[in-house]
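Note that these values count all heavy atoms, side chains included, but never hydrogens, waters or copies made by symmetry. In what follows, chains are A, B, ... by sequence order, proteins preceding strands, each numbered from 1.
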Amino acid sequence: MTDIYLYNTKTRTKGQQFTPIDDKNVRMYVCGPTVYDRAHLGNARPVIVFDVLNRLLRHVYGDKHVTYVRNFTDVDDKINARAAESGRSIGDITDETIQWFLDDMGAVGAIEPCHMPRATAYIAPMVAMIEDLIAKGHAYAAEGHVLFSVSSYAEYGALSGRSVDDMIAGARVEIAPYKRDPMDFVLWKPSDADTPGWDSPWGRGRPGWHIECSAMAHDLLGAQFDIHGGGNDLTFPHHENEIAQSKCAGHDFANVWLHNEMLQVEGKKMSKSLGNFFTVRDLLDQGVSGEVIRLVMLSTHYRKPMDWTETKRKEAENTLCDWISVLQKHGYSAKTVEMLKAAGDWTADVELMGVLGNDLNTPGALARLHVLSKGRTAEALAPFAHGLETLGLVSDWSAVEASASERDDLADWIAPVIDRLLVERSTARADKNWGEADRLRDLLNASGVQVTDIAGEATWAQGPDFDPSVLEALI
RNA sequence: GGCGAGUUGGUAGAGUGGUUAUGCAGCGGAUUGCAAAUCCGUGUACACGAGUUCGAUUCUCGUACUCGCCUCCA
């Protein structure tokens, strides 16, 4: 069995081996998106990171023994603003955005979590939790708001390593007349007639952001669960506040906290003002495949800042192309994989899984894949193929087979023309007319056709720059 | 100001108290009519200073620089 070690933000160490509370039901909660717009590339990082962890946990504990929850925050002032400016209903916007998110994340190979709760479906548990916090003296109502009293929780700041005194000195906190303490944060806030609201003991209103995750995690995973994940920008205040709420409500909450580092683009923070802001959908539309996006993401460890660059995109495209062609050469298809499974040859590479289990060392796992890809037979390549599938880089083996024969999709005139040119070249070569032979080869290369000579036999394949119009112009 | 992370060879990027990361690029070789493709081989690396140690890129402390968060942006 693969041992798993995870860096726990709470203890700031990789520490001891991961041991689930219940190995028949390993539970993980990851903060999902606020649904008001297309997911940008940075949004994809935690999705992919925790998808890898989900796959690893399933590998180790079994598909049936992992519960993965990722929420949708579908009540938020940004959504309200988007609705107001577009004139569309909030429901329309959130429904559409959720579908976009699922499509885009599916494209980068993310398996859907077991549960994807919407915050608006959990208002009642949130209200109940807030009432409980008030009853226990950790929260108070004021002017239609309910606030969490930070001073009532002695360990506030433990996750992020901050002290309340320091933060107040920093003075970047919102001062409001209804707050007893500037650090107190909102659990419930009043809604006017134009904003979505639900009836509550404190009047019509809507929940604060932090209480959503506490309530949904509790409802779906129980008072104590194994892993809580998210981007490291959420460490404070979001996760700190979740912990305060849940602990004060009497829940043990998450054992292990994981945070991925941020994503940059060409060395700079992705931002609209720098003009380097783009969504996952933008890349897909440009023809960058989801697998390529995923491979680039996996090439940097999740706890380090990752830089998205054009160079990396290109390299990932080449690597993926090489890997797939290795498998195609050995006739990989859905049937091949089935046969390997039947023969008991569909096994994980122990070293690869070990590397992955060591705090999700995906760059190390990719290095191992490079080594495994040197296998000489279909059987010898099984751990390689298995590894590709485990990392989510290949999900459909019949597609691998299909792309090997995509020559069939070319226009009818192309293949015969290329074949004729190759025959002419063979004749020239037989006559030792090297000038003519090379002219024909250069012509094919110029149009992006790869000519490969093996044992005197010439074959061809479309290169990445294949352009039939160049071929047409040259003949 | 507070908190945290990082600094590895041309480049990307792992890792380790003494032993080959890996990819790309480069160089050499096999192969080829010449190439391409493929295969094999190959590197001068661990910011700086001090300390611990038989031995540190790897541990400790300090310095410099970079970056992130503290603004309900993952």
Side-chain angles (χ1 to χ4, degrees), chain A residues 9 12 30-34 36-37 39-50 70 73 76-78 157 159-163 165-174 185-186 189 208-212 229-238 240-241 259-264 267-272 277 295-296 298-307 309 311-312 314-316 318-319 322 325-326 329 355 358 361-371 373-374 376 428-430 432-435 437-438 441-442 444-445 450-456 458-461 463:
Chain A
T9 306
R12 302 198 187 279
V30 175
C31 292
T34 300
Y36 64 99
D37 206 349
H40 65 247
L41 190 61
N43 295 121
R45 172 114 108 140
V47 173
I48 291 171
V49 165
F50 292 104
R70 186 184 61 215
T73 294
D76 182 274
D77 288 347
K78 272 205 207 83
L159 178 73
S160 54
R162 297 154 202 256
S163 79
D165 294 341
D166 289 342
M167 286 183 282
I168 291 172
R172 287 257 208 139
V173 288
E174 186 191 351
F185 58 89
V186 162
K189 53 188 162 188
W209 176 38
H210 314 298
I211 194 70
E212 296 175 10
N232 78 348
D233 56 336
L234 297 183
T235 309
F236 186 89
H238 184 53
E240 198 71 71
N241 292 354
H259 292 95
N260 62 275
E261 252 292 352
M262 300 292 101
L263 176 132
Q264 298 183 313
K268 295 195 170 113
K269 178 172 174 148
M270 185 164 75
S271 73
K272 287 179 179 166
F277 183 97
L295 183 55
V296 173
L298 297 184
S299 70
T300 300
H301 189 261
Y302 78 95
R303 279 195 289 114
K304 288 205 172 166
M306 121 127 242
D307 196 15
T309 64
T311 307
K312 283 185 185 174
K314 191 78 189 157
E315 270 191 30
N318 290 338
T319 300
D322 287 350
S325 68
V326 163
K329 270 180 206 151
V355 168
N358 183 13
N361 184 357
T362 52
L366 295 179
R368 182 63 187 160
L369 280 183
H370 278 290
V371 174
S373 72
K374 306 268 193 279
R376 306 281 193 177
R429 291 179 74 200
K432 298 199 192 301
N433 184 354
W434 308 128
D438 291 349
R441 184 176 62 199
D442 291 345
L444 287 164
N445 286 346
Q450 273 291 338
V451 178
T452 306
D453 295 315
I454 294 174
T459 57
W460 64 275

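- Closest contact between the side chain of A/Asn43 and the listed nucleotides B/rA14, B/rC72, B/rA74 involves B/rA74.
- The phosphate of B/rG13 (OP1 or OP2) has a side-chain N or O of A/Lys312 nearer than 4.0 angstrom.
- B/rC69 and B/rG62 have their C1' atoms separated by 25 Å, with the value rounded to a whole Å.
- On a pure distance criterion of 3.5 Å, a polar donor-acceptor pair joins the side chain of A/His40 and the base of B/rA74.
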Quiz prompt | Secondary structure string for RNA chain B (Watson-Crick or G-U under 3.5 angstrom, | for other-strand pairs) | solution = (((((((..(((.....[...))).(((((.......)))))....(((((..]....))))))))))))....
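- Here the shortest heavy-atom pairing between A/Gly32 and A/Arg70 reads CA-CG, 3.7 Å.
- Closest to the side chain of A/Met262, from the set B/rA74, B/rG13, B/rC40, is B/rA74.
- Look at the C1' atom in both B/rG41 and B/rA47: the space between them is 32 Å, to the nearest Å.
- Comparing A/Thr311 and A/Arg303 by the nucleotide of RNA chain B whose heavy atom lies nearest to each, the residue mapping closer to the 5' end is A/Arg303.
- Closest approach to the A/Trp209 side chain among B/rA21, B/rG23, B/rC72 is made by B/rC72 (side chain taken as heavy atoms from C-beta onward).
- Protein atom CZ of A/Arg12 is 6 Å distant from nucleotide atom P of B/rA5, rounded to whole Å.
- Going from the C1' atom of B/rG43 to that of B/rU52 covers 32 Å, rounded to whole Å.
- If you take CG of A/Leu366 and C1' of B/rG15, they are 15 Å apart, rounded to a whole angstrom.
- Here B/rG13 is the nucleotide among B/rG13, B/rU22, B/rA74 with the atom lying nearest to any side-chain atom of A/Thr300.
- Distance from the side chain of A/Arg376 is smallest for B/rC40 among the nucleotides B/rA74, B/rG23, B/rC40.
- The interatomic distance linking A/Tyr36 (OH) with B/rC72 (P) rounds to 12 Å, in whole Å.
- Smallest separation of non-hydrogen atoms from A/Ser160 and A/Phe236: OG-CD1, 3.6 Å.
- Of the side-chain N and O atoms in A/Lys304, one or more sit less than 4.0 angstrom from OP1 or OP2 of B/rA14.
- Closest heavy-atom contact between A/Leu298 and A/Ile48: CD2-CG2, 3.9 Å.
- Across all strands, A/Asp307 comes closer than 4.0 Å to no nucleic acid atom at all (heavy-atom distances).
- How far CG of A/Asp233 is from OG1 of A/Thr235: 7.5 Å, rounded to the nearest 0.5 Å.
- Here the shortest heavy-atom pairing between A/Asp307 and A/Gly267 reads OD1-N, 2.6 Å.
- In this structure, A/Lys314 NZ and A/Thr309 OG1 are separated by 13.0 Å, a value rounded to the nearest 0.5 Å.
- With both ends at atom C1', the span from B/rC61 to B/rU19 equals 29 Å, rounded to whole Å.
- Spacing between B/rG13 and B/rA30 at atom C1', rounded to whole Å, works out to 30 Å.
- Between A/Met306 and A/Arg45, the closest heavy-atom pair is N-NH2, 3.1 Å.
- Spacing between B/rU71 and B/rG15 at atom C1', rounded to whole Å, works out to 37 Å.
- Closest to the side chain of A/Leu263, from the set B/rA74, B/rC24, B/rG68, is B/rA74.
- Across the C1' atoms, B/rG6 and B/rU63 are found 16 Å apart, a figure rounded to whole Å.
- The nearest whole Å value for the distance from the CG atom in A/Asn358 to the C1' atom in B/rA21 is 14 Å.
- Taking only side-chain nitrogens and oxygens, A/Lys78 comes nearer than 4.0 Å to OP1 or OP2 of B/rC73.
- In this structure, CG of A/Asp77 is placed 16 Å from P of B/rU71, rounded to the nearest angstrom.
- The separation between A/Leu369 atom CG and B/rA21 atom C1' is 14 Å, rounded to whole Å.
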Self-check item: Letter per nucleotide, 5' to 3', of nucleotides 26-35 of chain B [B base touched, S only sugar-phosphate touched, - untouched; heavy atoms, 4.0 Å]
Solution: -------BBB
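- Taking atom C1' on both nucleotides, B/rU42 is separated from B/rG10 by 15 Å, rounded to a whole Å.
- Nearest heavy atoms, A/Pro305 versus A/Thr300: O-CG2, 3.7 Å.
- Ring orientation note: the planes of A/Phe185 and A/His210 are nearly perpendicular, at an angle over 60° on the 30°/60° scale.
- To the nearest 0.5 Å, the span separating CG on A/Asn318 from CD on A/Glu315 amounts to 7.5 Å.
- Nearest to the side-chain atoms of A/Glu315 among the listed nucleotides B/rA14, B/rC24, B/rC72 stands B/rC24.
- Contact annotation for A/Gly161: backbone-only contact, meaning every heavy-atom pair under 4.0 Å involves sugar-phosphate atoms and none involves a base.
- In this structure, A/His238 NE2 and A/Cys31 SG are separated by 3.5 Å, a value rounded to the nearest 0.5 Å.
- Counting to the nearest Å, the C1' atom of B/rG41 and the NZ atom of A/Lys374 are 13 Å from each other.
- If you check every strand for non-hydrogen atoms under 4.0 Å, A/His238 touches nothing.
- Here B/rC67 presents its P atom at 9 Å from CD of A/Gln264, a figure rounded to the nearest Å.
- The structure places CG of A/Asn43 at 9.5 Å from CG of A/Leu263, a figure rounded to the nearest 0.5 Å.
- A close approach under 4.0 Å does occur between a side-chain nitrogen or oxygen of A/Asn361 and OP1 or OP2 of B/rG15.
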